[in-house]
Asks: 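The structure under discussion is supplied below as structure tokens; questions concerning it will follow.
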Protein chains: 2
Amino acid sequence: MATIRDVAKHAGVSVATVSRVLNETGYVHEDTRKKVETAISELHYTPNEVARSLYKRKSRLIGLLLPDITNPFFPELARGVEDQMQENDLRIIFGNSDENLKKEKDYIQTFVQNNVVGVIASTNDPDTDTYRKLNIPVVFLDRTADNRPSVYADGREGGRIAAHEMIARGSRQITVMQGPKHIRPAQDRYQGAVDVLRDQGITFNVIKTSSFSFTEAGTWAKELFEQHPDTDGVIASNDIVATAVLHEALRLGKKVPEDVQIIGFDDIPLSSLLTPSLTTIRQPAYDMGRAAAGLLIRLIDNENIDHNTIQMPVTFTERETTRKVEQQHG
Amino acid sequence: MATIRDVAKHAGVSVATVSRVLNETGYVHEDTRKKVETAISELHYTPNEVARSLYKRKSRLIGLLLPDITNPFFPELARGVEDQMQENDLRIIFGNSDENLKKEKDYIQTFVQNNVVGVIASTNDPDTDTYRKLNIPVVFLDRTADNRPSVYADGREGGRIAAHEMIARGSRQITVMQGPKHIRPAQDRYQGAVDVLRDQGITFNVIKTSSFSFTEAGTWAKELFEQHPDTDGVIASNDIVATAVLHEALRLGKKVPEDVQIIGFDDIPLSSLLTPSLTTIRQPAYDMGRAAAGLLIRLIDNENIDHNTIQMPVTFTERETTRKVEQQHG
DNA sequence: TTGTATGCGTTATCAT
DNA sequence: ATGATAACGCATACAA
């Protein structure tokens with residue numbers, strides 16, 4: 001690899017001059033610029049980011065920490081982040097946390113050790129020292145921390161909407177799936193749904209689940225219909241689980257949505273391709289990723305941000321696992 | 001951030017000594033080691049990886065380049081890579097290429113600028129200078145380059161199997177979906193299927209597709225049944241497309257697998273949750289990721305590798321979008 | 001307009 | 001067993 005010295009020598013100038021043309025800082029004569037530029041291209045020189053980073057004490061890397069990209073919701077987030085970062089010449093060090101605080105700490109440490117300029121994290125524990133003591137900007141994505149930069153959708157409201165729509169469409173033996181205890185958004189959705197159900201005096205059952213994994217989802221689904229065979233409406237904690245519930249319902253010979261309605265959460269790309277296609281509470285994942293990246297960049301550039309927390313809309317996405325209603329309502 | 005000097009001062013020793021305990025290199029008295037260690041923990045010191053990387057000319061980062069993690073096949077790959085890397089204290093700079101050579105070059109450049117110790121890439125152009133001129137180990141994942149380190153599944157064989165099984169199950173008006181031209185594995189599968197179909201004298205139609213995107217998949221599916229309404233067997237280029245085909249077939253009132261059989265490719269997590277569940281040619285994605293990471297690490301450690309290219313088995317994964325046969329065959 | 005010299009935080013060489 | 005110091009590749013302050 002050629003270094004800046006090689007370029008300088010090749011062009012017959014000093015390293016400082018090369019640095020100047022590289023960074024477009026300070027004066028440099030047109031002729032010498034030309035010389036330097038040809039030297040650069042002849043030697044296929046590209047600056048060593050590591051040396052740069054050491055000197056400036058900041059890299060052009062950001063850290064992205066997501067729970068598990070194997071869950072189709074997160075790749076959407078990730079692409080949003082990446083595309084936006086790309087447009088700003090920032091690259092990504094990526095890690096999956098598995099919602100595990102130790103892994104999170106490990107990755108955060110890696111991030112700072114590598115001089116990242118900022119981090120985007122989906123964490124359930126934004127209030128630990130891990131994040132508090134970070135002296136680089138952090139944006140929480142798909143998670144909230146009061147008064148700190150974050151981009152998220154209103155899960156509680158989503159849960160409420162799901163319950164409302166489910167009731168409006170006639171289900172009276174509703175089962176709500178309670179997602180993993182330690183995952184905040186899962187609990188928000190659950191809470192929102194329960195609030196409305198209680199409010200309306202609808203009886204409902206709860207199935208507790210402890211992961212969002214594809215393999216386990218089938219287990220919860222089976223459990224659901226074993227324990228509550230007369231369920232006529234399921235509010236699932238996300239689209240993966242909803243897909244498993246749909247699969248199991250159909251396997252049991254139930255008609256969807258006639259016998260049982262199902263509402264998911266997220267609107268992962270696949271949901272519309274199921275048969276019947278899945279009614280769900282949509283989160284604009286890609287846009288959330290982009291928004292988080294945009295916010296982080298503004299934070300990095302030290303712009304004065306008026307509102308740090310961006311709440312994205314959740315939208316009821318009506319498809320075929322719910323029945324039609326004549327009259328719409330809130 | 002505390003530096004090694006701070007630690008040295010705090011412990012009353014020289015930086016060299018601190019470095020020695022840090023790296024467990026050279027002699028250091030037990031007592032001074034203790035002093036240094038307490039200094040380290042009191043100051044919450046962690047070594048600056050950037051400085052390390054500059055000196056050693058190699059970081060503890062690897063570059064991972066995948067086409068698009070939005071396609072559920074790739075997150076599996078990515079997790080396999082990450083989990084294996086994690087176990088070896090290596091972290092990942094990640095990028096999506098969108099099968100686009102320019103983006104690839106950009107990312108590869110970023111990788112070398114950041115002193116990555118190796119790269120894992122899914123590329124259709126392993127024989128460009130972009131990769132040839134790299135003087136760090138590269139492992140091609142889900143792609144091949146003759147005689148160069150790679151981990152891949154035998155797509156051609158997969159295509160053959162799909163065709164065989166389809167024929168054995170009685171389909172005679174088969175439509176083969178030809179994936180994007182520039183994506184090698186897609187063409188391999190296609191070619192494999194076509195080889196067998198020709199060989200057996202089975203008539204078949206072809207639907208050309210130009211992406212694996214969820215949104216466009218529906219379009220190909222519609223096109224398929226419009227152009228070839230009497231199709232009784234579809235060999236799809238991957239599970240995303242197969243899912244769309246299944247969806248469309250059902251929408252048209254066709255019975256699956258009675259009227260039309262469908263075979264996908266990949267076995268993404270979701271495939272087993274469809275109804276009917278999707279018969280597919282499975283690639284062991286997670287294991288492929290792990291294997292690629294393992295191979296890369298051995299390359300980095302300069303171990304003499306006897307065989308650079310690891311071919312993983314594809315397996316016919318029989319589920320419900322194909323009919324049963326009494327007698328199994330090759 | 002250009003060049004020299006210093007320091008970013010480490011590791012490793014060479015003394016001691 | 002420990003310390004002083006050069007070097008990794010770059011950007012900047014200061015000189016010229």
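Both backbone and side-chain heavy atoms feed into the values below; hydrogens, waters and symmetry mates do not. Note on naming: letters A, B, ... go to the chains in the order of the sequence lines (proteins, then strands), and numbering restarts at 1 for each one.
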Asks: Measure the distance from CD1 on B:Ile4 to P on D:dT2 and round it to the nearest whole Å.
Replies: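 Rounded to whole Å, this separation is 15 Å.
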Asks: To the side chain of A:Pro47, which of C:dT10, C:dT11, D:dC10 is closest?
Replies: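 Per side-chain heavy atoms of A:Pro47, the pick is D:dC10.
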Asks: Let's see if you can work this out: which of C:dT4, D:dG9, C:dG9 has an atom nearest to the side-chain heavy atoms of A:Ala16?
Replies: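 From the listed options, C:dT4 comes nearest.
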Asks: Write down the distance between CG (B:Asn115) and P (D:dC10), rounded to a whole number of angstrom.
Replies: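 It is 10 Å, rounded to the nearest whole Å.
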Asks: Please work out if A:Val50 contacts a base, only the sugar-phosphate, or nothing of the nucleic acid, heavy-atom cut-off 4.0 Å.
Replies: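 No contact.
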Asks: Would you mind reading off the distance between B:Lys58 atom NZ and D:dG9 atom P, rounded to a whole angstrom?
Replies: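 That distance rounds to 15 Å.
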Asks: Is it the case that the side chains of B:Gln84 and B:Tyr286 hold a donor-acceptor pair, with the cut-off being a distance below 3.5 Å and no angle test?
Replies: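 The criterion, which ignores hydrogens and geometry beyond distance, is not satisfied for B:Gln84 and B:Tyr286.
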Asks: Tell me yes or no: between the side chains of B:Asn23 and B:Ser19, is some donor less than 3.5 Å from an acceptor?
Replies: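 Side-chain D/A pair, B:Asn23 to B:Ser19: present.
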Asks: Let me spell it out: for each of B:Thr46 and A:Gly12, pick the nucleotide of DNA chain C with the closest heavy atom. Which residue's pick is nearer the 5' end?
Replies: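 It is A:Gly12 whose nearest nucleotide is closer to the 5' end.
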Asks: Which one, C:dG9, D:dT5, D:dG3, comes nearest to the side chain of B:Val15?
Replies: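 Of the candidates, D:dT5 comes closest.
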Asks: Base, sugar-phosphate alone, or nothing: which one does A:Thr3 contact when heavy atoms must sit under 4.0 Å apart?
Replies: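 It contacts sugar-phosphate atoms only.
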Asks: For the base of C:dG3, is there a side-chain donor-acceptor partner from A:Arg20 under 3.5 Å away?
Replies: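 Looking at the base of C:dG3, it does pair with a donor or acceptor on the side chain of A:Arg20 (distance under 3.5 Å).
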Asks: Nearest-Å distance, CG (A:Asp6) to P (D:dC8)?
Replies: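 After rounding, the gap between these two atoms is 11 Å.
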Asks: For C:dG7, take OP1 and OP2 only and decide whether either is under 4.0 Å from a side-chain N or O of A:Arg57.
Replies: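 It does not, given that no N or O in the side chain of A:Arg57 lies less than 4.0 Å from OP1 or OP2 of C:dG7.
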Asks: What contact category does A:Thr32 fall into here, base, sugar-phosphate, or nothing, at under 4.0 angstrom with non-hydrogen atoms?
Replies: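 It contacts sugar-phosphate atoms only.
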Asks: Verify the ring-centre separation between B:Tyr131 and B:Phe140: is it less than 6.0 angstrom?
Replies: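 Between B:Tyr131 and B:Phe140, which both carry aromatic rings, the centre distance is below 6.0 Å.
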Asks: With distance as the sole criterion, do the side chain of B:Tyr55 and the base of C:dT11 form a donor-acceptor contact below 3.5 Å?
Replies: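 Counting by modelled atom types and ignoring angles, a donor-acceptor contact under 3.5 Å is found here.
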Asks: Find the distance A:Asn48:CG to D:dC8:P and express it as a whole number of Å.
Replies: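 One finds 12 Å between P of D:dC8 and CG of A:Asn48, rounded.
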Asks: List the atom of A:Arg132, the atom of A:Asp127, and the distance in Å for their closest heavy-atom pair.
Replies: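 Between these two residues, the closest heavy atoms are NH2-OD1, 2.9 Å.
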Asks: Specify the separation, in whole Å, of atom CZ of A:Arg5 and atom P of C:dT4.
Replies: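 The distance from CZ of A:Arg5 to P of C:dT4 comes to 10 Å, rounded to the nearest Å.
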Asks: Contact class for B:Thr25 vs. all strands (heavy atom < 4.0 Å): base, sugar-phosphate, or nothing?
Replies: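 Nothing, no nucleic acid heavy atom in range.
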Asks: Starting at CG of B:Asn114 and ending at P of D:dC8, how long is that distance when rounded to a whole Å?
Replies: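 For the pair B:Asn114 CG and D:dC8 P, the rounded distance is 20 Å.
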Asks: Within this structure, what is the CG-to-P distance between B:Leu22 and C:dG9, rounded to whole angstrom?
Replies: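 After rounding, the reported distance stands at 15 Å.
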Asks: Of B:Arg184, B:His182, B:Glu99, which meets side chain to side chain donor-acceptor pair (under 3.5 Å) against B:Asn124?
Replies: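 Going through the options one by one, the only one that passes is B:Glu99.
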Asks: Starting the side chain at C-beta, find the nucleotide from D:dA11, C:dG9, D:dG9 nearest to A:Ala51.
Replies: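 Comparing D:dA11, C:dG9, D:dG9 against the side chain of A:Ala51, the answer is D:dG9.
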Asks: Starting at the 5' end of DNA chain D, which residue's closest nucleotide do you reach first, B:His29 or B:Leu54?
Replies: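 First, find each residue's nearest nucleotide; the 5'-ward one identifies B:His29.
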Asks: Ignoring backbone atoms, establish whether B:Thr17 has a side-chain N or O less than 4.0 Å from OP1 or OP2 of D:dT2.
Replies: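 Checking B:Thr17 against D:dT2: no side-chain N or O falls below 4.0 Å of OP1 or OP2.
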Asks: Hey, are A:Arg79 and B:Asp98 close enough for a salt bridge, meaning a charged N less than 4.0 Å from a carboxylate O?
Replies: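 Result for this pair is yes, salt bridge flagged.
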Asks: Counting only side-chain heavy atoms from C-beta out, which of D:dA1, D:dG9, C:dT11 sits nearest to B:Tyr27?
Replies: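 Side chain of B:Tyr27 sits closest to D:dA1.
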